[in-house]
Number of protein chains: 2
Amino acid sequence: MVKDKNTEQRIYEAARKVFLKKGMAGARMQEIADEAGINKALLHYYFRNKEKLFDGIFNEVIERISTGIQSIFELETNVLEKLKEFVNIYVDVLFENRYLPLFVLNEMNQHPDRFSILLKENIVVHMKKFLVQIQEEIEKGTIRAENPVHLLLSVLGLIIFPFAVYPLFKKMLGEELMENTDILLIERKKEICLFIENALKP
Amino acid sequence: MVKDKNTEQRIYEAARKVFLKKGMAGARMQEIADEAGINKALLHYYFRNKEKLFDGIFNEVIERISTGIQSIFELETNVLEKLKEFVNIYVDVLFENRYLPLFVLNEMNQHPDRFSILLKENIVVHMKKFLVQIQEEIEKGTIRAENPVHLLLSVLGLIIFPFAVYPLFKKMLGEELMENTDILLIERKKEICLFIENALKP
DNA sequence: GTCTATAAGTAGATAGAC
DNA sequence: GTCTATCTACTTATAGAC
């Protein structure tokens, strides 16, 4: 076990890895300790208990996602451009953090209010502004759509779902068809953009 | 507690409810017993242990999904019609079983091989045939797409994602914008169909 | 078949030596 | 700061009465 990083950080990274993979309920303090190459007791020395450790990880994850979204919505472009930027950035993010979508969706379902405040403050303002912008463009006729909420749900689904499902998908189709899953996931950037463009073309 | 159904079935239904909501790791035998209105010991009398009980539920869920998919792919129609039929049936299924998508995606990630066989035999044959059909229509030019796998991922994402995310979405946008979440979810049937039609129009 | 009581096993948390 | 050993609490599983 390499000792170059300080212990606290090693624990934190180990916890991140284990929590993202197993979730709060499935994660074991012992596994985190092993992963960090230290003793279980040290976990409690640095982070008082499992919940505090989890909260740290979870808040950091949400924070990271939020700021990414924020920066996109601050762009001064039209809806289609914003969506395409969104797609490009988030496919890359998820590519490097494949457990992220399921982890967030799950923990949110298990503890519905742990982070409702967190989310409200960070994302929702931008989200709502963007929904207004979509509505405006629909009325102007520059994009063909009916309900901004549906559009947002659709784009998020196109981006996120493949990452949540890809291990299953890989198993279903067999290695032959999916030998290049990674390439497929990256390809989705242009695939989704094209799909959206066609769907929204007036 | 109503005793009209036999105990085994009551346990089974309680277990289904709890497992789907909490997952294998998060579910508690006590909670299942309470939900079924019986004693914990009876769970072990009817189903030897937690794992066997879970397996029963899980296999049944997968089975149900599989047969649904199967019947759609057996239709003798073109790709667009099949996809639309798929959308209509599955939105209704998920509407009545909202925990299903996350449950399946999760448990599959936790026990990657428990059901690889299950899936292979039921769905994969039809899936592959359908991918071939898509490829043929792409080549004939009746639909505009590039990669059948991407198309399938996209449609599944459009259908499934909103159900996986809807509690979070509801929280983010606040009750005002989402007072009719249920209507929104059902609306997705025509929304997705329209979205696909436009995206695939040659 | 169904219950109460309890055993056995597991996981989180703490005490105390170094 | 880090470890070993241990405690406590929780969860699954079983024994045995009815």
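In what follows, chains are A, B, ... by sequence order, proteins preceding strands, each numbered from 1.
Using a 4.0 Å cut-off, no side-chain N or O of B/Tyr45 falls inside it from OP1 or OP2 of D/dT14. Side-chain nitrogen and oxygen atoms of B/Arg48 include none within less than 4.0 Å of the OP1 or OP2 phosphate oxygen of D/dA13. Taking side-chain N and O atoms only, A/His44 has a distance below 4.0 Å to OP1 or OP2 of C/dA13.
At least one donor-acceptor pair closer than 3.5 Å links the side chain of B/Lys50 to the backbone N or O of B/Met24.
For B/Ile38 and C/dG1, the CD1 to C1' distance is 11 Å, given to the nearest whole Å. Nucleotide C/dT10 holds its C1' atom 15 Å from the CE atom of B/Met29, rounded to whole Å. Remark: C1' of C/dA13 and CD1 of A/Ile32 are 14 Å apart, rounded to the nearest angstrom. In this structure, CD of A/Gln30 is placed 9 Å from P of C/dG12, rounded to the nearest angstrom. If you measure from atom CD1 of A/Ile11 to atom P of C/dA13, you get 14 Å, rounded to the nearest angstrom. Separating the CZ atom of A/Arg28 from the P atom of D/dC10 is a distance of 15 Å, rounded to the nearest angstrom. Between A/Glu31 atom CD and C/dA11 atom P there is a gap of 10 Å when expressed in whole angstrom units. The distance from atom CG of B/Leu42 to atom C1' of D/dT14 is 13 Å, rounded to the nearest whole Å.
The aromatic ring centres of A/Phe103 and A/Tyr99 sit 6.0 Å or more apart. Aromatic pair B/Phe47/B/Phe54: centroids not less than 6.0 angstrom apart. Residues B/Phe161 and A/Phe161 place their aromatic rings such that the two centres sit no closer than 6.0 Å.
Within 4.0 Å of A/Ala27, counting heavy atoms only, lie sugar-phosphate atoms of the nucleic acid but no base atom. In this structure, B/Asn49 reaches the sugar-phosphate backbone alone: every heavy-atom distance under 4.0 Å involves primed, P, OP1 or OP2 atoms, never a base.
Among the nucleotides D/dT14, C/dA15, C/dG12, the one closest to the side chain of A/Ala41 is C/dA15. Considering only side-chain atoms of A/Tyr46, the nucleotide from D/dT2, C/dT2, C/dA13 that sits closest is D/dT2.
For the pair A/Ile138 and A/Asn147, the minimum side-chain heavy-atom distance is 4.5 Å or more.
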